[in-house]
Amino acid sequence: MKKILILTALVLNTLISFAQASSVEMADTMRANGKIYVVVGIIMIVLLGFIAYLFMLDRKLTKLENEHKK
Amino acid sequence: MKKNWWKYLGVVILLYVHLGGLLLEAPRLNILNETVRALYFHVPMWFGMVLLYMVSVYYAVKFLRNPLSDADIKSVEYAHVGTAFGILGILTGMLWANYTWGSPWHGDPKQNGAAIALLVYLAYFVLRGSIENEEQKARLSAVYNIFAFAAMVPLIFIIPRLTDSMHPGNGGNPGFNAYDLDSRMRLIFYPAVIGWFLIGVWIVSLRVRYRLLQNRLIEN
(Lines give C-alpha, C1' and ligand atoms only; values in the text may rest on other atoms or scores of the structure.)
Protein backbone atom coordinates (compact mmCIF):
# COMPACT_ATOMS: atom_id res chain seq x y z
CA MET A 1 0.00 0.00 0.00
CA LYS A 2 2.77 2.36 0.99
CA LYS A 3 4.66 1.48 -2.19
CA ILE A 4 1.64 2.25 -4.32
CA LEU A 5 1.19 5.59 -2.57
CA ILE A 6 4.82 6.54 -3.19
CA LEU A 7 4.51 5.43 -6.83
CA THR A 8 1.36 7.52 -7.35
CA ALA A 9 3.06 10.48 -5.74
CA LEU A 10 6.04 10.10 -8.08
CA VAL A 11 3.84 9.73 -11.16
CA LEU A 12 1.81 12.80 -10.12
CA ASN A 13 5.02 14.70 -9.56
CA THR A 14 6.31 13.95 -13.07
CA LEU A 15 2.89 14.81 -14.51
CA ILE A 16 2.96 18.16 -12.73
CA SER A 17 6.45 18.90 -13.99
CA PHE A 18 5.29 18.03 -17.52
CA ALA A 19 2.36 20.38 -17.10
CA GLN A 20 4.76 23.10 -15.97
CA ALA A 21 6.99 22.50 -18.98
CA SER A 22 4.07 22.96 -21.35
CA SER A 23 2.78 26.05 -19.55
CA VAL A 24 5.31 28.19 -21.41
CA GLU A 25 3.34 30.90 -23.11
CA MET A 26 2.73 30.22 -26.80
CA ALA A 27 0.08 31.49 -29.18
CA ASP A 28 -2.19 28.49 -28.59
CA THR A 29 -5.30 30.57 -28.05
CA MET A 30 -4.26 32.84 -30.89
CA ARG A 31 -4.35 29.84 -33.15
CA ALA A 32 -7.82 28.83 -31.95
CA ASN A 33 -9.66 32.12 -31.99
CA GLY A 34 -7.04 34.84 -32.20
CA LYS A 35 -7.30 35.01 -36.01
CA ILE A 36 -3.70 33.82 -36.55
CA TYR A 37 -4.76 32.38 -39.91
CA VAL A 38 -5.51 35.93 -41.05
CA VAL A 39 -1.86 36.81 -40.44
CA VAL A 40 -0.76 33.64 -42.24
CA GLY A 41 -3.00 34.63 -45.15
CA ILE A 42 -1.58 38.15 -45.26
CA ILE A 43 2.02 36.88 -45.29
CA MET A 44 1.15 34.42 -48.06
CA ILE A 45 -0.42 37.22 -50.14
CA VAL A 46 2.72 39.35 -49.75
CA LEU A 47 4.95 36.40 -50.69
CA LEU A 48 2.81 35.43 -53.70
CA GLY A 49 2.60 39.05 -54.83
CA PHE A 50 6.36 39.40 -54.60
CA ILE A 51 6.87 36.22 -56.61
CA ALA A 52 4.28 37.23 -59.22
CA TYR A 53 6.14 40.53 -59.56
CA LEU A 54 9.41 38.63 -60.16
CA PHE A 55 7.74 36.47 -62.84
CA MET A 56 6.37 39.58 -64.57
CA LEU A 57 9.80 41.22 -64.53
CA ASP A 58 11.32 38.02 -65.90
CA ARG A 59 8.79 37.92 -68.78
CA LYS A 60 9.35 41.59 -69.59
CA LEU A 61 13.10 41.06 -69.84
CA THR A 62 12.69 37.94 -72.00
CA LYS A 63 10.45 39.90 -74.37
CA LEU A 64 12.97 42.72 -74.61
CA GLU A 65 15.83 40.25 -75.18
CA ASN A 66 13.90 38.53 -77.97
CA GLU A 67 13.06 41.88 -79.58
CA HIS A 68 16.68 42.90 -79.48
CA LYS A 69 17.86 39.65 -81.08
CA LYS A 70 15.84 40.35 -84.26
CA MET B 1 9.46 26.16 -68.34
CA LYS B 2 12.08 23.39 -68.37
CA LYS B 3 14.93 25.87 -68.18
CA ASN B 4 13.26 27.68 -65.29
CA TRP B 5 12.58 24.64 -63.07
CA TRP B 6 14.79 26.02 -60.28
CA LYS B 7 12.69 29.18 -60.05
CA TYR B 8 9.53 27.12 -59.50
CA LEU B 9 11.43 24.95 -57.01
CA GLY B 10 12.40 28.08 -55.06
CA VAL B 11 8.80 29.31 -55.06
CA VAL B 12 7.42 25.95 -53.86
CA ILE B 13 10.05 25.72 -51.12
CA LEU B 14 9.29 29.25 -49.90
CA LEU B 15 5.53 28.57 -49.81
CA TYR B 16 6.21 25.46 -47.71
CA VAL B 17 8.61 27.37 -45.45
CA HIS B 18 6.15 30.21 -44.80
CA LEU B 19 3.17 27.93 -44.13
CA GLY B 20 5.16 25.39 -42.11
CA GLY B 21 7.21 28.01 -40.31
CA LEU B 22 4.09 29.77 -39.08
CA LEU B 23 1.84 26.82 -38.35
CA LEU B 24 3.87 23.70 -37.52
CA GLU B 25 4.85 22.86 -33.95
CA ALA B 26 7.86 24.80 -32.64
CA PRO B 27 9.87 24.21 -29.45
CA ARG B 28 8.46 25.88 -26.33
CA LEU B 29 11.18 28.08 -24.84
CA ASN B 30 11.03 30.79 -22.23
CA ILE B 31 11.61 34.42 -23.28
CA LEU B 32 11.68 33.38 -26.96
CA ASN B 33 8.06 32.12 -26.97
CA GLU B 34 6.68 32.21 -30.52
CA THR B 35 9.58 34.36 -31.73
CA VAL B 36 11.60 31.14 -32.05
CA ARG B 37 9.94 30.99 -35.47
CA ALA B 38 11.89 34.08 -36.51
CA LEU B 39 14.80 31.68 -37.04
CA TYR B 40 13.07 30.43 -40.22
CA PHE B 41 13.01 33.92 -41.68
CA HIS B 42 15.91 35.85 -40.11
CA VAL B 43 18.77 33.33 -40.35
CA PRO B 44 18.14 32.31 -44.02
CA MET B 45 18.78 35.97 -44.92
CA TRP B 46 22.32 35.64 -43.55
CA PHE B 47 22.92 32.20 -45.05
CA GLY B 48 21.63 33.55 -48.35
CA MET B 49 23.92 36.57 -48.08
CA VAL B 50 27.01 34.43 -47.41
CA LEU B 51 26.16 32.06 -50.29
CA LEU B 52 25.59 34.97 -52.69
CA TYR B 53 28.87 36.59 -51.61
CA MET B 54 30.63 33.27 -52.22
CA VAL B 55 29.36 33.18 -55.79
CA SER B 56 30.35 36.86 -56.14
CA VAL B 57 33.91 36.14 -55.07
CA TYR B 58 34.00 33.16 -57.47
CA TYR B 59 33.16 35.47 -60.39
CA ALA B 60 35.66 38.08 -59.12
CA VAL B 61 38.46 35.47 -59.26
CA LYS B 62 37.18 34.28 -62.63
CA PHE B 63 37.32 37.86 -63.92
CA LEU B 64 40.88 38.36 -62.69
CA ARG B 65 42.01 35.14 -64.35
CA ASN B 66 40.28 35.94 -67.62
CA PRO B 67 38.96 39.52 -67.92
CA LEU B 68 35.55 39.03 -69.51
CA SER B 69 33.02 41.76 -68.86
CA ASP B 70 30.30 39.16 -68.13
CA ALA B 71 32.14 37.84 -65.06
CA ASP B 72 32.44 41.38 -63.70
CA ILE B 73 28.71 42.06 -64.10
CA LYS B 74 27.84 38.75 -62.42
CA SER B 75 30.24 39.44 -59.57
CA VAL B 76 28.71 42.88 -58.88
CA GLU B 77 25.12 41.73 -59.09
CA TYR B 78 25.71 38.76 -56.74
CA ALA B 79 27.32 41.15 -54.25
CA HIS B 80 24.43 43.59 -54.73
CA VAL B 81 21.67 41.08 -53.96
CA GLY B 82 23.81 39.61 -51.16
CA THR B 83 23.99 43.03 -49.54
CA ALA B 84 20.21 43.42 -49.86
CA PHE B 85 19.83 40.09 -48.02
CA GLY B 86 22.26 41.29 -45.36
CA ILE B 87 20.33 44.52 -44.78
CA LEU B 88 17.11 42.51 -44.41
CA GLY B 89 18.98 40.21 -42.00
CA ILE B 90 20.13 43.09 -39.83
CA LEU B 91 16.66 44.72 -39.77
CA THR B 92 14.89 41.47 -38.86
CA GLY B 93 17.56 40.79 -36.25
CA MET B 94 17.03 44.22 -34.67
CA LEU B 95 13.28 43.67 -34.41
CA TRP B 96 13.83 40.22 -32.90
CA ALA B 97 16.50 41.49 -30.47
CA ASN B 98 14.23 44.30 -29.30
CA TYR B 99 11.70 41.82 -27.90
CA THR B 100 14.03 39.06 -26.68
CA TRP B 101 17.30 40.75 -25.67
CA GLY B 102 15.71 44.03 -24.63
CA SER B 103 17.02 46.49 -27.19
CA PRO B 104 17.40 46.55 -30.98
CA TRP B 105 21.17 47.08 -30.82
CA HIS B 106 22.62 45.00 -28.03
CA GLY B 107 26.31 45.28 -28.84
CA ASP B 108 26.40 41.55 -29.48
CA PRO B 109 29.70 40.57 -31.20
CA LYS B 110 27.89 38.84 -34.04
CA GLN B 111 25.58 41.82 -34.54
CA ASN B 112 28.52 44.23 -34.59
CA GLY B 113 30.54 41.93 -36.84
CA ALA B 114 27.67 41.61 -39.30
CA ALA B 115 27.25 45.39 -39.39
CA ILE B 116 30.99 45.89 -40.07
CA ALA B 117 30.88 43.21 -42.79
CA LEU B 118 28.00 45.05 -44.45
CA LEU B 119 29.95 48.34 -44.28
CA VAL B 120 32.93 46.60 -45.91
CA TYR B 121 30.65 45.52 -48.74
CA LEU B 122 29.06 48.97 -49.01
CA ALA B 123 32.59 50.34 -49.53
CA TYR B 124 32.82 47.94 -52.50
CA PHE B 125 30.00 49.82 -54.21
CA VAL B 126 31.53 53.17 -53.26
CA LEU B 127 34.80 52.02 -54.85
CA ARG B 128 33.01 50.99 -58.05
CA GLY B 129 31.13 54.25 -58.22
CA SER B 130 34.30 56.32 -57.87
CA ILE B 131 36.22 54.91 -60.88
CA GLU B 132 35.38 56.16 -64.38
CA ASN B 133 37.48 53.73 -66.43
CA GLU B 134 35.44 50.54 -66.94
CA GLU B 135 38.39 48.15 -67.07
CA GLN B 136 40.06 49.65 -64.02
CA LYS B 137 36.74 49.65 -62.18
CA ALA B 138 36.22 45.95 -62.89
CA ARG B 139 39.76 44.94 -61.94
CA LEU B 140 40.06 46.98 -58.74
CA SER B 141 36.60 46.00 -57.52
CA ALA B 142 37.35 42.31 -58.20
CA VAL B 143 40.45 42.55 -56.02
CA TYR B 144 38.53 44.41 -53.32
CA ASN B 145 35.75 41.80 -53.52
CA ILE B 146 38.22 39.09 -52.47
CA PHE B 147 39.36 41.25 -49.55
CA ALA B 148 35.77 41.94 -48.50
CA PHE B 149 34.94 38.24 -48.45
CA ALA B 150 38.10 37.46 -46.49
CA ALA B 151 37.12 40.16 -43.96
CA MET B 152 33.51 38.96 -43.66
CA VAL B 153 34.33 35.37 -42.69
CA PRO B 154 36.16 36.15 -39.40
CA LEU B 155 33.76 39.00 -38.58
CA ILE B 156 30.69 36.76 -38.75
CA PHE B 157 31.98 33.25 -38.08
CA ILE B 158 35.15 33.44 -36.00
CA ILE B 159 35.18 36.48 -33.68
CA PRO B 160 31.68 35.82 -32.23
CA ARG B 161 32.84 32.30 -31.32
CA LEU B 162 35.92 33.55 -29.50
CA THR B 163 34.03 35.92 -27.23
CA ASP B 164 30.67 35.74 -25.53
CA SER B 165 27.75 36.14 -27.89
CA MET B 166 24.01 36.06 -27.34
CA HIS B 167 23.56 34.34 -30.67
CA PRO B 168 23.05 30.59 -30.18
CA GLY B 169 26.02 28.42 -31.05
CA ASN B 170 28.55 31.13 -30.29
CA GLY B 171 30.88 31.81 -27.40
CA GLY B 172 32.92 28.64 -27.74
CA ASN B 173 30.18 26.24 -28.85
CA PRO B 174 29.77 24.89 -32.36
CA GLY B 175 26.72 26.27 -34.15
CA PHE B 176 23.48 24.35 -34.51
CA ASN B 177 24.05 21.70 -31.89
CA ALA B 178 21.27 19.56 -30.45
CA TYR B 179 20.19 22.24 -27.98
CA ASP B 180 20.03 25.12 -30.41
CA LEU B 181 18.05 23.63 -33.25
CA ASP B 182 15.85 20.60 -32.81
CA SER B 183 14.97 18.25 -35.67
CA ARG B 184 11.52 19.82 -36.20
CA MET B 185 13.12 23.18 -36.87
CA ARG B 186 15.73 21.74 -39.23
CA LEU B 187 12.90 20.46 -41.47
CA ILE B 188 11.90 24.05 -42.14
CA PHE B 189 15.16 25.92 -41.63
CA TYR B 190 17.32 24.13 -44.23
CA PRO B 191 14.68 24.32 -46.99
CA ALA B 192 14.31 28.02 -46.12
CA VAL B 193 18.03 28.58 -46.79
CA ILE B 194 17.81 26.76 -50.15
CA GLY B 195 14.57 28.53 -51.12
CA TRP B 196 15.83 32.03 -50.37
CA PHE B 197 19.14 31.33 -52.10
CA LEU B 198 17.29 30.22 -55.25
CA ILE B 199 15.12 33.37 -55.17
CA GLY B 200 18.30 35.43 -54.65
CA VAL B 201 19.95 33.80 -57.68
CA TRP B 202 16.78 34.53 -59.66
CA ILE B 203 16.91 38.24 -58.77
CA VAL B 204 20.61 38.26 -59.67
CA SER B 205 19.86 36.67 -63.05
CA LEU B 206 17.24 39.38 -63.78
CA ARG B 207 19.72 42.13 -62.88
CA VAL B 208 22.48 40.52 -64.98
CA ARG B 209 20.19 40.19 -68.00
CA TYR B 210 19.14 43.81 -67.59
CA ARG B 211 22.76 44.96 -67.47
CA LEU B 212 23.77 42.86 -70.52
CA LEU B 213 20.81 44.28 -72.47
CA GLN B 214 21.79 47.79 -71.42
CA ASN B 215 25.38 47.20 -72.59
CA ARG B 216 24.19 45.91 -75.96
CA LEU B 217 21.96 48.97 -76.39
CA ILE B 218 24.87 51.30 -75.60
CA GLU B 219 27.12 49.49 -78.10
CA ASN B 220 24.60 49.88 -80.94
Side-chain angles (χ1 to χ4, degrees), chain A, chain B residues 1 3-4 6-38 40-41 44 77 81 84 88 99 192 195-196 198-220:
Chain A
M1 189 66 199
K2 206 176 178 183
K3 264 185 189 165
I4 291 168
L5 265 178
I6 291 168
L7 201 69
T8 352
L10 277 173
V11 168
L12 271 177
N13 193 34
T14 42
L15 276 180
I16 288 164
S17 59
F18 267 121
Q20 275 167 344
S22 63
S23 71
V24 173
E25 197 181 338
M26 299 292 263
D28 292 329
T29 43
M30 282 270 285
R31 232 159 276 287
N33 49 20
K35 297 167 186 159
I36 185 70
Y37 290 104
V38 179
V39 184
V40 175
I42 287 167
I43 292 170
M44 293 311 282
I45 289 169
V46 172
L47 183 70
L48 284 171
F50 168 72
I51 284 161
Y53 180 79
L54 272 181
F55 270 116
M56 274 151 66
L57 210 62
D58 203 324
R59 220 175 45 197
K60 250 186 187 171
L61 266 172
T62 311
K63 228 184 248 170
L64 210 62
E65 278 170 347
N66 289 340
E67 249 173 56
H68 200 72
K69 261 180 204 160
K70 279 171 197 168
Chain B
M1 178 77 194
K3 210 174 62 186
N4 291 335
W6 55 277
K7 293 173 188 171
Y8 294 97
L9 179 70
V11 170
V12 169
I13 290 175
L14 277 198
L15 291 177
Y16 157 73
V17 163
H18 279 71
L19 278 175
L22 289 165
L23 298 175
L24 292 181
E25 194 64 26
R28 287 161 188 267
L29 300 165
N30 273 312
I31 301 171
L32 275 176
N33 307 90
E34 288 287 0
T35 71
V36 71
R37 295 177 196 278
Y40 305 139
F41 306 99
E77 296 307 343
V81 177
L88 289 175
Y99 294 102
W196 277 113
L198 287 175
I199 297 295
V201 173
W202 185 7
I203 300 170
V204 170
S205 77
L206 291 178
R207 291 185 61 98
V208 168
R209 282 162 63 193
Y210 166 75
R211 287 281 302 273
L212 289 175
L213 208 59
Q214 201 180 28
N215 282 0
R216 255 190 285 165
L217 284 174
I218 291 166
E219 276 167 22
N220 292 350

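Quick note: numbers below take in every heavy atom, side chains included, and nothing from hydrogens, waters or symmetry partners. Throughout, a chain's letter reflects where its sequence line sits, starting with A, and its residues are numbered from 1.
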| query | Given a strict heavy-atom distance threshold of 4.5 Å, which part of A:Ile51 is in contact with chain B: side chain, backbone, both, or neither? | reply | both
| said: Can you list the residues of residues 208-215 of chain B that sit under 4.5 Å from chain A, counting heavy atoms only? | reply: B:Arg209, B:Tyr210, B:Leu213
| task | For the residue pair B:Trp196 and A:Phe50, categorise the inter-ring angle as parallel (less than 30°), tilted (30 to 60°) or perpendicular (more than 60°). | result | tilted
| Can you check whether A:Leu47 reaches B:Val11 side chain to side chain, under 4.5 Å on heavy atoms? | no
| About how many Å separate CE of A:Met44 and CG of B:Leu22, when rounded to the nearest 0.5 Å? | 8.5 Å
| Non-hydrogen side-chain atoms of B:Lys7 and A:Asp58 separated by less than 4.5 Å | yes
| note | When rounded to the nearest 0.5 Å, the distance separating CH2 of B:Trp202 from CG of A:Leu57 is 9.5 Å
| Is the count of non-hydrogen atoms from other residues, nucleotides or ligands lying under 6.0 Å from A:Phe55 atom CZ greater than 12? | yes
| remark: Interface check, chain A: of B:Leu217, B:Leu206, B:Ile199, most non-hydrogen pairs under 4.5 Å belong to B:Leu206
